[in-house]
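Presented below is the structure to which this report refers.
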Amino acid sequence: MKQQSVFIKYYGAEAADDRLVRIGKDSYALFYGFGNDEAMEGSGYQWRKDYDHLPTVEEVKADIEELINAQTEHRITYGLIFGGGYVYLSRENQLNFNNTVSVPVTYKLGEFADGHPMYYTFGKQADLTTFRRAVGDHISQCLTEGYEAKDAVDYDKIMGGVE
């Protein structure tokens with residue numbers, strides 16, 4: 001089996017069961033985390049990454065931390081709701097929002113669920129300050145959740161059942 005370079009969603013899980021399992025002579029699969037997709041109601045998933053060798057704990061840790069970092073970045077970029085819709089917080093937008101010094105200013109914050117653009121005009125400095133605070137709080141919360149997810153991984157358990 002060819003080693004995957006990324007994690008894939010492996011459906012059918014009912015709960016998290018973080019583990020590394022042997023699936024062939026020189027093949028292993030790492031299962032990590034748990035989630036649900038709205039499109040796949042009733043079916044949970046775990047993240048899965050296949051290896052064509054027995055990975056070291058350092059390799060497994062690096063892979064899981066890379067996944068957590070990607071998930072954290074995705075939540076930062078797409079997870080903030082403000083003004084009735086999701087704000088697109090690319091790094092460029094974060095800088096633009098933070099560097100605005102005068103009002104009034106209008107930004108395209110993102111799109112509504114129906115695909116229409118979401119423009120927001122900040123007419124007062126206090127409105128812009130409130131928005132910046134919401135952005136900062138959102139980023140801080142996402143980073144904290146990412147740190148906590150990394151701290152919660154039990155690598156002894158993951159590696160414990162492998163031959």
Side-chain angles (χ1 to χ4, degrees), residues 1-24 26-95 97 108-118 120 131-163:
M1 179 180 286
K2 186 176 179 188
Q3 179 179 344
Q4 296 172 344
S5 59
V6 296
F7 282 89
I8 61 168
K9 289 180 179 178
Y10 189 77
Y11 288 92
E14 295 179 10
D17 186 16
D18 301 345
R19 60 194 160 94
L20 182 68
V21 296
R22 186 179 199 150
I23 57 174
D26 294 319
S27 302
Y28 297 83
L30 170 62
F31 294 91
Y32 170 74
F34 178 78
N36 291 93
D37 285 337
E38 290 177 19
M40 299 288 292
E41 282 188 44
S43 177
Y45 66 85
Q46 286 193 277
W47 291 102
R48 175 182 170 157
K49 181 170 183 177
D50 291 346
Y51 299 88
D52 59 5
H53 62 282
L54 175 61
T56 64
V57 67
E58 292 82 10
E59 187 176 0
V60 168
K61 182 176 182 178
D63 288 340
I64 289 174
E65 288 191 356
E66 183 179 321
L67 175 65
I68 292 170
N69 289 344
Q71 291 172 325
T72 300
E73 187 66 31
H74 187 269
R75 280 194 304 275
I76 288 170
T77 305
Y78 300 102
L80 175 64
I81 298 173
F82 187 87
Y86 284 95
V87 176
Y88 178 59
L89 276 180
S90 66
R91 291 181 188 264
E92 180 180 357
N93 282 351
Q94 291 175 41
L95 288 172
F97 298 152
K108 178 183 176 190
L109 297 183
E111 295 181 347
F112 291 104
D114 64 6
H116 285 86
M118 180 179 69
Y120 196 93
F131 174 68
R132 285 182 178 154
R133 186 171 297 121
V135 168
D137 290 348
H138 169 71
I139 292 170
S140 180
Q141 180 64 34
C142 290
L143 292 173
T144 297
E145 290 170 3
Y147 300 143
E148 290 170 351
K150 288 178 185 179
D151 291 343
V153 179
D154 184 347
Y155 292 101
D156 290 334
K157 177 183 179 251
I158 290 172
M159 303 298 289
V162 179
E163 302 172 2

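Everything numeric here is computed off the predicted structure, so don't read it as measured data.
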* Who passes side chain to side chain contact (heavy atoms under 4.5 Å, CB included) against Asp154, sequence neighbours left out? -> Asp156, Lys157
* To do: State, yes or no, whether a side-chain contact exists between Arg22 and Leu54 at a heavy-atom distance under 4.5 Å.
  => no
* Hey, are the side chains of Asp63 and Tyr51 touching, using non-hydrogen atoms and a 4.5 Å cut-off? -> yes
* Asked: Checking side-chain contact (heavy atoms from CB on, under 4.5 Å) against Leu109, which of Tyr86, Tyr120, Tyr88 comes through?
  -> Tyr120
* Measuring from Asn93:CG to Thr77:OG1, what's the distance to the nearest 0.5 Å? -> 9.5 Å
* To do: For the residue pair Phe31 and Tyr10, establish whether any side-chain heavy-atom pair is separated by less than 4.5 Å.
  => yes
* To do: Measure across Met159 and Val60 and return the closest heavy-atom pair with its distance rounded to 0.1 Å.
  => SD-CG2, 3.9 Å
* To do: Check the surroundings of atom CZ in Phe112: do more than 12 heavy atoms from other residues, nucleotides or ligands lie under 6.0 Å from it?
  => yes
* **Pairwise distance CG(Asn69) to CG(Leu143) - rounded to 0.5 angstrom** => 9.5 Å
* Any donor-acceptor pair under 3.5 Å linking the side chain of Arg19 with the backbone of Val21? -> no
* Asked: Does Gly33 offer a backbone N or O that forms a donor-acceptor pair with the side chain of Gln46 under 3.5 Å?
  -> yes
* Structure fact -> Heavy atoms of Leu89 and Gln94 approach each other most closely as O-NE2, 3.0 Å
* If you look at every heavy atom in Val6 and Lys49, which pair is closest and at what distance? -> O-CG, 4.2 Å
* All salt bridge (Lys or Arg N to Asp or Glu O under 4.0 Å) counterparts of Arg91, not counting sequence neighbours -> Glu73
* **Validation row: Asp26, Asp52 side chains within 4.5 angstrom (heavy atoms)** => no
* Structure fact -> Between Lys108 and Pro117, the two heavy atoms sitting closest are CE-CB, 3.8 Å
* Does Arg48 reach the main-chain N or O of Phe7 with its side chain, forming a donor-acceptor pair under 3.5 Å? -> no
* Asked: Cut-off 3.5 Å, side chains only: do Tyr32 and Asp17 have a donor facing an acceptor?
  -> no
* Asked: Is there a side-chain contact (heavy atoms from CB on, under 4.5 Å) between Trp47 and Leu67 once you walk through the steps?
  -> CA-CA 9 Å; Trp47 291 102; Leu67 175 65; 3.7 Å; yes
* Is there a side-chain contact between Tyr11 and Tyr45 (heavy atoms, below 4.5 Å)? -> yes
* Does the side chain of Asp18 reach to within under 4.5 Å of the side chain of Ile64, using non-hydrogen atoms? -> no
* Does some side-chain heavy atom of Glu111 sit less than 4.5 Å from a side-chain heavy atom of Met118? -> no
* Indicate the atoms forming the closest heavy-atom contact of Tyr28 with Leu20, along with that distance. => CB-CD1, 4.0 Å
* Taking C-beta and beyond as the side chain, do Leu80 and Val135 meet within less than 4.5 Å on heavy atoms? -> yes
* **side chain to side chain contact (heavy atoms under 4.5 Å, CB included) partners for Arg75, two or more places apart** => Gln71, Thr72, Cys142, Glu145
* Structure fact -> d(Ile68 CD1, Lys61 NZ) to nearest 0.5 Å is 10.5 Å
* To do: Might you point out which heavy atoms bring Glu14 and Phe34 nearest each other, and give the distance in Å?
  => C-CE1, 3.5 Å
* Would you please indicate yes or no on a ring centroid separation below 6.0 angstrom for His74 and Tyr78? => yes
* Can you tell me if His138 uses its side chain to pair, donor with acceptor, with the backbone of Ile76 under 3.5 Å? -> yes
